[in-house]
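Working notes for the structure below.
Numbers restart at 1 for each chain; the letters A, B, ... are given by sequence-line order, proteins then strands.
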2 protein chains.
Amino acid sequence: MVTAAAKAKSRKARQMDRAALERVADVFRVFSEPTRLAIIQSLKGGARNVNELVEELGTSQANISKQLRLLYDARILNREKQGNQVFYSIDEDIVFPLCELVCVKLNREARERAPYDFSI
Amino acid sequence: MVTAAAKAKSRKARQMDRAALERVADVFRVFSEPTRLAIIQSLKGGARNVNELVEELGTSQANISKQLRLLYDARILNREKQGNQVFYSIDEDIVFPLCELVCVKLNREARERAPYDFSI
DNA sequence: CTATTGCATAGCTGTATGACCATATACAAT
DNA sequence: ATTGTATATGGTCATACAGCTATGCAATAG
């Protein structure tokens, strides 16, 4: 007899383990905060230094720096020091298709309900 | 004179506002927990009822139900009641390309460092 | 009817983290 | 060297939320 648990186990063989799923989750988590998305949105227009981002995004410099570090550690952003300043830019080609997929989903749903136009 | 703030403002004109960014962040957040990814991974093999998922994923039934509700509310999953049971299935075509983009990124990075094979 | 099974929900706890303030560090200008 | 400017970091607070236990509720079985 083939139990449900056995079926589950055989399925499991082809699957990522918990640790791998956590790595995937970590990547999604980086994109799961509006401030970080705002940074990405801004950097779509090209490299910016920290102060430019602070002015544009209207939150504290400390917070911007923190989120930039997170994005940098996740290998989403590139970092380049120029004298006194640090310029960040997008260094990961998955960023745009990833955001576009989500925006397309939201636009499709919004078309029946809300006036937003989602597109980073 | 064109100030940095003015430049920032004109960039802002073409951009999503905070509320829209939060909607985008919400979608990413749904994908940012390993248990929910495990559910998605399991449902890739077809519809499952709650008990099957509980057996397969090794967490409490209450927790599975909670995460299923989250995924359903985010319009990621489809829900179908059959008598006593409730079957869930993937109801969102962005799920696989979204996961694949992230897995490709991680595999590329892992190729130089870790032994995982990321693919939901 | 009552019992059982399958799922959902409420309440709780611990942990993670976004945002703030203050401060530290690094480089530049004088 | 001193002062100023740009960025990073440590500490704190408040909030969000995954997972747990207990319970509620719906559908079937007996």
Side-chain angles (χ1 to χ4, degrees), chain A residues 3-5 8 18-19 21-40 42-43 47-74 76-89, chain B residues 3-5 8 18-19 21-40 42-43 47-74 76-89:
Chain A
T3 64
R18 185 80 183 185
L21 288 174
E22 284 188 17
R23 297 292 75 71
V24 176
D26 288 343
V27 175
F28 281 116
R29 190 173 299 112
V30 171
F31 291 91
S32 73
E33 286 296 329
T35 298
R36 288 194 286 272
L37 291 177
I39 289 173
I40 288 171
S42 174
L43 295 182
R48 308 259 186 270
N49 67 30
V50 179
N51 256 332
E52 289 172 329
L53 291 169
V54 171
E55 285 172 11
E56 183 170 350
L57 303 187
T59 178
S60 71
Q61 176 267 317
N63 193 29
I64 294 287
S65 265
K66 197 164 162 183
Q67 306 309 331
L68 285 171
R69 176 171 183 88
L70 233 154
L71 287 160
Y72 177 71
D73 286 348
I76 303 299
L77 298 188
N78 188 21
R79 201 185 121 99
E80 196 182 348
K81 214 166 175 178
Q82 284 184 16
N84 213 5
Q85 302 169 309
V86 180
F87 285 81
Y88 288 87
S89 56
Chain B
T3 65
R18 185 82 185 183
L21 288 174
E22 285 188 17
R23 296 292 76 70
V24 176
D26 288 343
V27 175
F28 280 115
R29 189 173 300 113
V30 171
F31 290 90
S32 74
E33 286 297 327
T35 299
R36 288 194 286 273
L37 292 177
I39 290 173
I40 287 170
S42 173
L43 295 182
R48 308 257 184 273
N49 67 31
V50 179
N51 257 332
E52 288 172 329
L53 291 169
V54 171
E55 285 172 10
E56 184 170 349
L57 302 188
T59 177
S60 70
Q61 177 266 316
N63 193 29
I64 294 289
S65 265
K66 195 167 158 180
Q67 306 309 332
L68 285 170
R69 175 168 183 90
L70 234 154
L71 288 160
Y72 177 71
D73 286 348
I76 303 297
L77 298 188
N78 189 21
R79 200 186 122 99
E80 196 182 348
K81 212 166 177 178
Q82 284 183 18
N84 212 6
Q85 302 168 309
V86 180
F87 285 80
Y88 287 87
S89 55

Contact class for B/Q61 vs. all strands (heavy atom < 4.0 Å): base, sugar-phosphate, or nothing? base
For C/dC27 and A/K81 - does any side-chain N or O of the residue sit under 4.0 Å from the phosphate oxygens OP1/OP2? yes
Using only side-chain N and O atoms of B/R79, determine if any of them is under 4.0 Å from OP1 or OP2 of C/dA8. yes
How long is the line joining CG of A/D26 and C1' of C/dT17, in whole Å? 13 Å
For A/R29 and for A/A62, locate the closest nucleotide of DNA chain C by heavy-atom distance; then report the residue assigned to the nucleotide nearer the 5' terminus. A/R29
Find the distance B/R18:CZ to C/dG18:P and express it as a whole number of Å. 11 Å
Starting at the 5' end of DNA chain C, which residue's closest nucleotide do you reach first, A/G83 or A/N63? A/N63
Assess the residue pair A/Q85 and A/V50 against the criterion (side-chain contact (heavy atoms from CB on, under 4.5 Å)); give the C-alpha distance rounded to whole Å, side-chain angles, the decisive distance to 0.1 Å, and a yes or no. CA-CA 8 Å; A/Q85 302 169 309; A/V50 179; over 6 Å; no
Is atom OH of A/Y72 surrounded by more than 12 heavy atoms (other residues, nucleotides or ligands) closer than 6.0 Å? no
Can you check whether A/R69 has a side-chain N or O nearer than 4.0 Å to OP1 or OP2 of D/dA8? no
Measure the shortest side-chain to side-chain distance between B/R18 and A/P34 over non-hydrogen atoms and say whether it is less than 4.5 angstrom. yes
Taking atom P of D/dG19 as reference, at what distance in whole Å does atom CG of B/L57 sit? 10 Å
I want to check one thing: is the phosphate of D/dT5, taken as OP1 and OP2, less than 4.0 Å away from some side-chain N or O of A/N51? no
What integer distance in Å separates B/Q85:CD from D/dA27:P? 13 Å
Verdict with supporting geometry, B/K66 and B/L70, side-chain contact (heavy atoms from CB on, under 4.5 Å): CA-CA 6 Å; B/K66 195 167 158 180; B/L70 234 154; 5.6 Å; no
Under 4.0 Å between a side-chain N or O of A/T59 and OP1 or OP2 of C/dC20? yes
Tell me, do A/F31 and B/V24 make a side-chain contact under 4.5 Å, heavy atoms counted? no
Identify whether any heavy atom of A/L70 sits under 4.0 Å from a base atom; if not, whether one sits that close to sugar-phosphate; answer base, sugar-phosphate or nothing. sugar-phosphate
In whole angstroms, how far is the C1' atom of C/dG6 from the CD atom of B/E55? 12 Å
Is there a donor N/O on one and an acceptor N/O on the other, under 3.5 Å, for the side chain of B/K66 and the base of C/dA8? no
What is the distance, rounded to the nearest whole Å, between atom CD of B/Q82 and atom C1' of C/dT5? 16 Å
In whole Å, what is the span from the CG atom of B/L53 to the P atom of C/dA8? 10 Å
On the nucleotide C/dA22, are OP1 or OP2 found under 4.0 Å from the side-chain N or O atoms that A/S60 carries? no
Reference residue B/Q67; test side-chain contact (heavy atoms from CB on, under 4.5 Å); the match among B/T35, B/I40, B/L57, B/T59: B/T35
Below the 4.0 Å mark, does D/dA8 have OP1 or OP2 next to a side-chain nitrogen or oxygen of A/Y72? no
Is B/I64 close to B/N51 at the side-chain level, that is, under 4.5 Å between some pair of heavy atoms? no
Using a cut-off of less than 4.0 Å, is there contact between a side-chain N or O of B/R48 and OP1 or OP2 of C/dG6? no
Quick check on D/dA8: is either OP1 or OP2 less than 4.0 Å from any side-chain nitrogen or oxygen of A/Y88? yes
Determine the contact category for B/F87: base if any of its heavy atoms lies under 4.0 Å from a base atom, sugar-phosphate if only primed atoms, P, OP1 or OP2 are that close, otherwise nothing. nothing
Between atom CG in A/L68 and atom C1' in D/dA6, what is the gap in whole Å? 13 Å
Answer yes or no: does a side-chain N or O of A/Q67 lie under 4.0 Å from OP1 or OP2 of C/dG18? yes
Would you say a side-chain N or O of A/R36 is under 4.0 Å from OP1 or OP2 of C/dG18? yes
Can you see if the side chain of B/N84 gets near the phosphate of D/dA26 - specifically, an N or O under 4.0 Å from OP1 or OP2? no
Please check the phosphate of D/dG19 (OP1 and OP2 only) for any side-chain N or O of B/T35 closer than 4.0 Å. yes
